[in-house]
Amino acid sequence: MKKKKPDEKLWGGRFAVGADPLMEEYTASVHVDKRLYAFDIRGSIAHAKMLHKIGLLSGRERDVLVRGLKEIREEIESRRFRFKPSLEDVHMNIEARLTKKVGEVGKKLHTARSRNDQVALDLRMYVKDEIVQVISRLCTLQQALLGLAERNRDIVFPGYTHLQQAQPVLLAHHLLAYVGMFERDKERLRDAHKRTDVMPLGSGALAGTSIPIDREFVAKELGFSRISDNSIDAVSDRDFAIEYLSGLTLIGMHLSRLAEELVIWSSSEFDFIEIGDAFCTGSSMLPQKKNPDVPELARGKSGRLLGNLVSLVTTMKGLPLSYNRDMQEDKLPVFESTDIIKGTLDVFSKMMETVQVKTDSIADALRGGYMQAVDLAEYLVKKGIPFRESHRIVGKIVSYAIEKGKALEELSGEELRQFCEHFGEDAVKLLNVRVSVRSKTSPGGTAPRGVAARIRSWKTRLSKEG
Ligand code: ARG
């Protein structure tokens with residue numbers, strides 16, 4: 001590639017020598033930031049209208065610019081637009097094309113504007129838009145989980161701590177834990193949205209401008225609730241993108257935990273669920289295999305989400321005010337994490353619909369897990385025995401049962417009384433896992449009545465949103 005004359009650049013005025021092709025290639029970002037084209041064009045249309053409102057563009061000039069910008073949008077959408085790396089980024093590609101299309105008046109568009117506030121505007125518009133889309137996908141996944149919980153509302157399930165059987169719970173209760181996590185994720189994104197919803201255009205390169213611009217007008221045109229109040233901060237702040245990435249990382253972390261459980265539950269050792277064939281893959285060598293690749297990849301991709309968050313925080317942490325070109329590296333992590341999260345939420349929502357719960361093997365797993373032990377201890381507490389003492393007594397009962405090769409539910413009242421005279425015949429009933437679950441009536445506990453009420457309230461809540 002031969003060196004171009006400096007004047008071919010939109011900023012070429014002060015340069016004596018043309019750009020080196022290697023430098024152009026290294027600094028170009030258009031292959032990444034062209035994704036912002038629709039926001040860039042909307043921002044430019046609002047800016048042109050404002051320039052007319054303050055008398056810097058005639059009505060005709062404004063119309064020519066707006067029409068030109070809309071045509072460029074069509075060219076891009078019908079793939080007739082050729083993005084040129086030599087024009088660095090999406091902003092200059094669009095501006096150069098505009099001037100080529102509409103002539104001299106195109107050169108007026110960049111009045112009172114810098115790419116620094118322009119790119120901040122575009123990225124804020126993009127993040128606002130994606131937050132809304134991610135929240136709606138989170139709702140869909142919550143609904144899928146709720147459906148699975150409802151279809152299996154009576155299933156008693158082993159609850160784990162340390163991945164050791166701990167206490168029987170309702171499977172529905174377990175699934176609602178994820179519905180709650182995704183609700184917090186939505187709240188976090190809504191909160192991030194408030195701080196993203198600040199309009200930076202009109203900050204210029206960093207200091208503002210001497211031109212009497214109307215920033216409130218632009219904010220209104222573009223649906224922002226307020227304008228930024230410090231031009232230096234406005235062009236150099238990427239907190240909103242970091243908050244967004246951190247919200248996406250937490251969603252990814254929650255999805256990864258769910259994924260891990262799906263992988264474990266579908267192993268032949270657990271055999272608690274079967275994921276539909278349409279969402280599993282086979283092995284190229286082992287004919288019998290049916291692999292849970294979707295949850296595995298979700299678990300894997302959660303690492304990239306965290307990587308992207310760390311990447312942007314690291315890019316930002318050493319930068320002096322205000323704008324620095326380093327900040328051009330902000331877009332890739334933001335775009336990539338957005339794609340990962342939207343893709344994972346979409347596939348998970350569909351996959352959860354295909355999950356079959358294997359009630360027989362769950363019932364098998366519940367047998368002999370000694371998970372009702374604490375219920376016996378709480379029985380003795382109700383008879384006035386201090387918890388530490390009843391804990392010790394029941395510990396002895398468990399080791400007696402293990403020694404005899406019996407499950408807890410196979411013990412008789414008489415056997416219990418060998419360890420403590422306070423055990424009545426009613427204590428034997430407690431050894432049933434369903435009775436155990438029914439007894440957890442404390443607020444937030446797994447008792448079926450409470451779980452059913454929470455399923456109902458989630459349903460109403462989510463149907464209002466969706
Ligand atoms: N492509 C740049 C970015 O994404 C736009 C702003 C460039 N500003 C500048 N003065 N070079 O950050």
Side-chain angles (χ1 to χ4, degrees), residues 4 6-15 18-44 47 72 76 81-99 107 109-130 196 198-209 228 231-242 244-245 308 311-338:
K4 295 190 183 65
D7 253 6
E8 287 176 18
K9 298 280 183 200
L10 296 179
W11 42 251
R14 64 99 69 209
F15 286 77
D20 189 285
L22 261 185
M23 187 283 287
E24 283 188 340
E25 198 183 312
Y26 189 71
T27 56
S29 60
V30 67
H31 56 290
V32 174
D33 60 29
K34 64 181 176 197
R35 222 170 126 158
L36 293 173
Y37 79 89
F39 301 108
D40 199 70
I41 289 174
R42 273 176 59 199
S44 288
H47 187 64
I72 291 175
I76 296 173
F81 192 97
R82 220 166 57 82
F83 286 103
K84 295 192 193 115
S86 59
L87 287 167
E88 278 185 48
D89 53 27
V90 66
H91 324 293
M92 293 209 292
N93 267 274
I94 291 175
E95 196 190 323
R97 175 80 188 119
L98 184 67
T99 305
K107 297 184 181 168
L109 180 65
H110 212 53
T111 311
R113 185 173 79 165
S114 152
R115 275 184 297 153
N116 299 352
D117 55 350
Q118 190 177 355
V119 73
L121 173 73
D122 293 2
L123 194 60
R124 279 177 185 271
M125 287 170 77
Y126 171 85
V127 169
K128 276 175 66 181
D129 202 65
E130 293 294 356
T196 308
V198 179
M199 210 288 297
L201 201 70
S203 303
L206 80 162
T209 171
S228 54
S231 57
I232 295 176
D233 191 24
V235 296
S236 58
D237 167 33
R238 292 294 181 270
D239 295 2
F240 67 96
I242 291 172
Y244 171 64
L245 285 180
N308 288 336
S311 156
L312 187 52
V313 176
T314 311
T315 297
M316 295 304 296
K317 77 174 181 60
L319 298 185
L321 300 182
S322 58
Y323 177 85
N324 300 268
R325 191 65 180 266
D326 317 42
M327 289 159 70
Q328 180 166 290
E329 297 298 315
D330 59 359
K331 282 163 228 55
L332 201 53
V334 169
F335 293 160
E336 193 191 52
S337 288
T338 302

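Each ligand, and each atom within it, is numbered from 1 in the order the structure gives. Note that the numbering runs from 1 along the sequence shown for the chain. Computed from heavy atoms alone, side chains included, the values below leave out hydrogens, waters and symmetry copies.
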Protein contact to atom 6 (C) of ligand 1 [nearest heavy atom, distance to 0.1 Å]: Tyr323 OH, 3.4 Å
Check: Glu88 N/O within less than 3.5 Å of ligand 1 N/O: no
Per-atom contacts, ligand 1 versus Ser29 - under 4.0 Å to a heavy atom: 1 (N)
Protein heavy atom at shortest distance from atom 2 (C) of ligand 1: Gln328 OE1, 3.3 Å
Taking atom 5 (C) of ligand 1 as the reference point, the nearest protein heavy atom with its distance: Asp89 OD2, 3.5 Å
Taking every non-hydrogen atom, the tightest pair across Ala205 and Ser114: N-CB, 3.3 Å
Step-by-step side chain to side chain donor-acceptor pair (under 3.5 Å) determination, Tyr244 to Ser337: CA-CA 10 Å; Tyr244 171 64; Ser337 288; over 6 Å; no
Face-on cation placement of Arg35 at Tyr126 ring, 6.0 Å and 45° thresholds: no
Qualifying residue, where the test is side chain to side chain contact (heavy atoms under 4.5 Å, CB included) with Phe39 and the options are Met125, Gln118, Arg124, Lys128: Met125
Nearest non-hydrogen partners of Phe240 and Ala120, listed with the distance: CZ-O, 4.4 Å
Nearest non-hydrogen protein atom, atom 4 (O) of ligand 1: Lys331 NZ, 2.6 Å
Protein heavy-atom partner closest to atom 11 (N) of ligand 1 - residue, atom, separation in Å: Arg115 NH2, 3.5 Å
Residue, atom name and distance, where the atom is the protein heavy atom closest to atom 10 (N) of ligand 1: Asn116 OD1, 3.3 Å
Residues which pass side-chain hydrogen bond (donor to acceptor under 3.5 Å, both in side chains) with Arg97, listed by chain and number, not counting sequence neighbours: Glu75
